[in-house]
Number of protein chains: 2
Amino acid sequence: MKPILIVEDEYPISQVLRAYLQKAKFDTEQVYTGEDALARFDEIKPSLVLLDIMLPGKNGWQILKEIRKKSNCPVIMLTALGEVNDRLTGLNEGADDYISKPFAGDEVVARVKAVLRRTEAKQPSVQRFGQLEIDLDAHRVKLNEQNIELRPRDLSLLLFLAEHPNKTFTREQLIEHVWGFDYEGSDRAVDLSIKRLRKALKDWPASEGEIRTLRGLGYQLSVYEE
Amino acid sequence: MKPILIVEDEYPISQVLRAYLQKAKFDTEQVYTGEDALARFDEIKPSLVLLDIMLPGKNGWQILKEIRKKSNCPVIMLTALGEVNDRLTGLNEGADDYISKPFAGDEVVARVKAVLRRTEAKQPSVQRFGQLEIDLDAHRVKLNEQNIELRPRDLSLLLFLAEHPNKTFTREQLIEHVWGFDYEGSDRAVDLSIKRLRKALKDWPASEGEIRTLRGLGYQLSVYEE
DNA sequence: TTATCCTTGACATTTGTCTGACATCTTTCC
DNA sequence: GGAAAGATGTCAGACAAATGTCAAGGATAA
């Protein structure tokens, strides 16, 4: 996921913003001047920009204009309370929203999410291991650009293993995480699921990864290189 | 240009809104209850809705949901000052923006313009999945250049699925979004609707997409591009 | 009214899962 | 090296659960 660029010269405020956004699982990048903002913008191609108006050197409006020249990346302006003129200018100049200081953390996150939802509409959540592609949202697994049909349980198992590549889990652990803590049946159900997964993934180049058995321990999804 | 629908029960406020918007060359329509709002909405197909939360009868959230069922027309909520919860709810429920009372006239106009600019700028409302063409705004579905006749409920369901291709929804979620949060009946109504949709889409090449069942989870509109 | 739409309840069908048995493999110990 | 014990791989069948389907009967709107 591309990061959110925070352009704010006051260090404490910048840190607060970062904290809230990271808590909400967003990546962040911080810069403290307008010039840095533009340079960094090109480098990291952020998913969204939080832009303070009062900045040393070039101010927020100028930055906004520069950004708008080359991108329609969503921008939320940070403005002092009650500066209605600022608000109006911002919305007319192409800002997507504004947030008044002082702000509540929840509100910042909600605004960011709202703007991202508007502008992105969708963002696929896919994980790749070479030829193997796992799409969490769509509940779909592709191997070699081709869809693979998996049973729900098998898919859950694969997803769980894929979340922790190269880590070994006992049958018990797998049962607990994939089947559920209230499962009563035997451990051997895991074997069957593993078997079907291996069969389904037989065309996955062994050089890229495989499902390994660790005798006496359990199973793991091994992935190599990258 | 399509008018802006003002839904506000307090007459003076409604008048102020109308005055500002007309000054900015927008056409306006005023209604004073939620019920009228929905009826009028269908008739005039406004370009934007200004929606008060506190309304006699159905409140603003209910109206918003009803509107969202059949249209992605931009909606700006009017909220009392400081009701942060309302703000958050609104942004999450599909409102495009909110304005706190008391508001400055200029600000209202700026917000309206901003939202219109945002929503008009984005992609056309018709989505193509190979032979299948879905017009979210016009509420029309074409397969192979030919209009498909669907029951209203089925159409809503298809439109909703098409808004989020490759995303899986439980029956519960579909009921909530398509049938409405106050629906009392059984989940299985979804099955029937899905069945009719599949029948209606039977000439849609399976290589382009399909309505997929995810056993134990729900349904999704799968599209396979390229 | 007539026609359309929606839901209910029943039943059919498909699919997923587990059990138990047996085969195969690995390790250990003699 | 070889046999026994234990772990894992594999299979088929039975069962359960989710889904597909149908037809009848209200409800609603034209």
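The sequence lines fix the lettering, A, B, ..., with proteins before strands; numbering per chain opens at 1. Owing to the predicted nature of the structure, the values given are computational and were not obtained by experimental measurement.
Taking 4.0 angstrom as the limit, R171(B) places a side-chain polar atom (N or O) nearer than this to OP1 or OP2 of dT19(D). The phosphate of dG9(D) has OP1 or OP2 within less than 4.0 Å of a side-chain N or O from Y219(A). S193(A) has no side-chain polar atom (N or O) that falls below the 4.0 Å cut-off from OP1 or OP2 of dT17(C). Distances shown here put a side-chain N or O of K195(B) below 4.0 Å from the OP1 or OP2 atom of dC22(D).
We find that CD1 of I194(B) is positioned 19 Å from P of dT14(C), with the value rounded to whole Å. Rounding to whole angstrom units, CG of residue L214(B) and C1' of dA17(D) are separated by 16 Å. dC18(C) atom P lies 11 Å from atom CG of L157(A), rounded to whole Å. Here the P atom of nucleotide dG16(C) and the NE2 atom of H139(A) are 15 Å apart, to the nearest Å. One interatomic measurement links the two molecules: CD of Q220(B) to P of dT19(D), which rounds to 13 Å at whole-angstrom precision. Taking atom CG of D191(B) as the reference point, atom P of dA17(D) lies 18 Å away to the nearest angstrom. Between the CD1 atom of I175(A) and the C1' atom of dT19(C) there is a distance of 14 Å, rounded to whole Å. Summarising the geometry, the separation between CG on L197(B) and P on dT21(D) is reported as 13 Å, rounded to the nearest angstrom.
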Would you list the protein and nucleotides 25-30 of chain C atom pairs, both N or O, that sit under 3.5 Å from each other?
residue, atom, partner, partner atom, Å
dC25(C), O2, R215(A), NH2, 3.4

Sort me out a list of protein N/O and nucleotides 2-9 of chain C N/O pairs below 3.5 Å, or just none if empty.
residue, atom, partner, partner atom, Å
dC6(C), OP1, R153(B), N, 3.3
dT7(C), OP1, R153(B), NH1, 3.2
dT7(C), OP1, W179(B), NE1, 3.3
dT7(C), OP2, W179(B), NE1, 3.2
dT8(C), OP2, S186(B), N, 3.2

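Shown here is Q22(A), whose CD atom has more than 12 heavy atoms of other residues, nucleotides or ligands within 6.0 Å. Residue E43(A) places its CD atom among more than 12 non-hydrogen atoms of other residues, nucleotides or ligands, all under 6.0 Å distant. Within 6.0 Å of the OH atom in Y219(B), the count of heavy atoms belonging to other residues, nucleotides or ligands exceeds 12.
In this structure a side-chain-to-backbone donor-acceptor pair under 3.5 Å is missing from N166(B) to Q220(B). Under the 3.5 Å distance criterion, the side-chain polar atoms of W204(B) are matched with a main-chain donor or acceptor of F129(B). Without hydrogens or angle criteria, Q30(A) side chain to R18(A) main chain gives no donor-acceptor distance under 3.5 Å.
Between the side chains of T170(B) and E172(B), no donor N or O sits under 3.5 Å from an acceptor N or O.
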**Prompt:** Run the side-chain contact (heavy atoms from CB on, under 4.5 Å) check on F41(B) and V31(B) step by step: do they pass?
**Reply:** CA-CA 10 Å; F41(B) 182 91; V31(B) 295; over 6 Å; no
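When each of L55(B), D52(B), L50(B), I63(B) is checked for a side chain to side chain contact (heavy atoms under 4.5 Å, CB included) with V7(B), only L55(B) meets the rule.
With salt bridges taken as basic N to acidic carboxylate O contacts below 4.0 Å, one links R171(A) and D191(A).
Between V190(A) and W179(A) there is a side-chain heavy-atom pair separated by less than 4.5 Å.
Annotation: of the two residues near DNA chain D, L217(B) and G216(A), the 5′-most nearest-nucleotide partner is G216(A).
Rounded to 10 degrees, the angle separating the terminal helix axes of the helix from dT1(C)-dA30(D) to dC30(C)-dG1(D), each built from five base pairs, is 30°.
Ring geometry for F160(A) against H177(A) counts as parallel: the plane angle stays under 30°, on a 0 to 90° scale with 60° as the upper cut.
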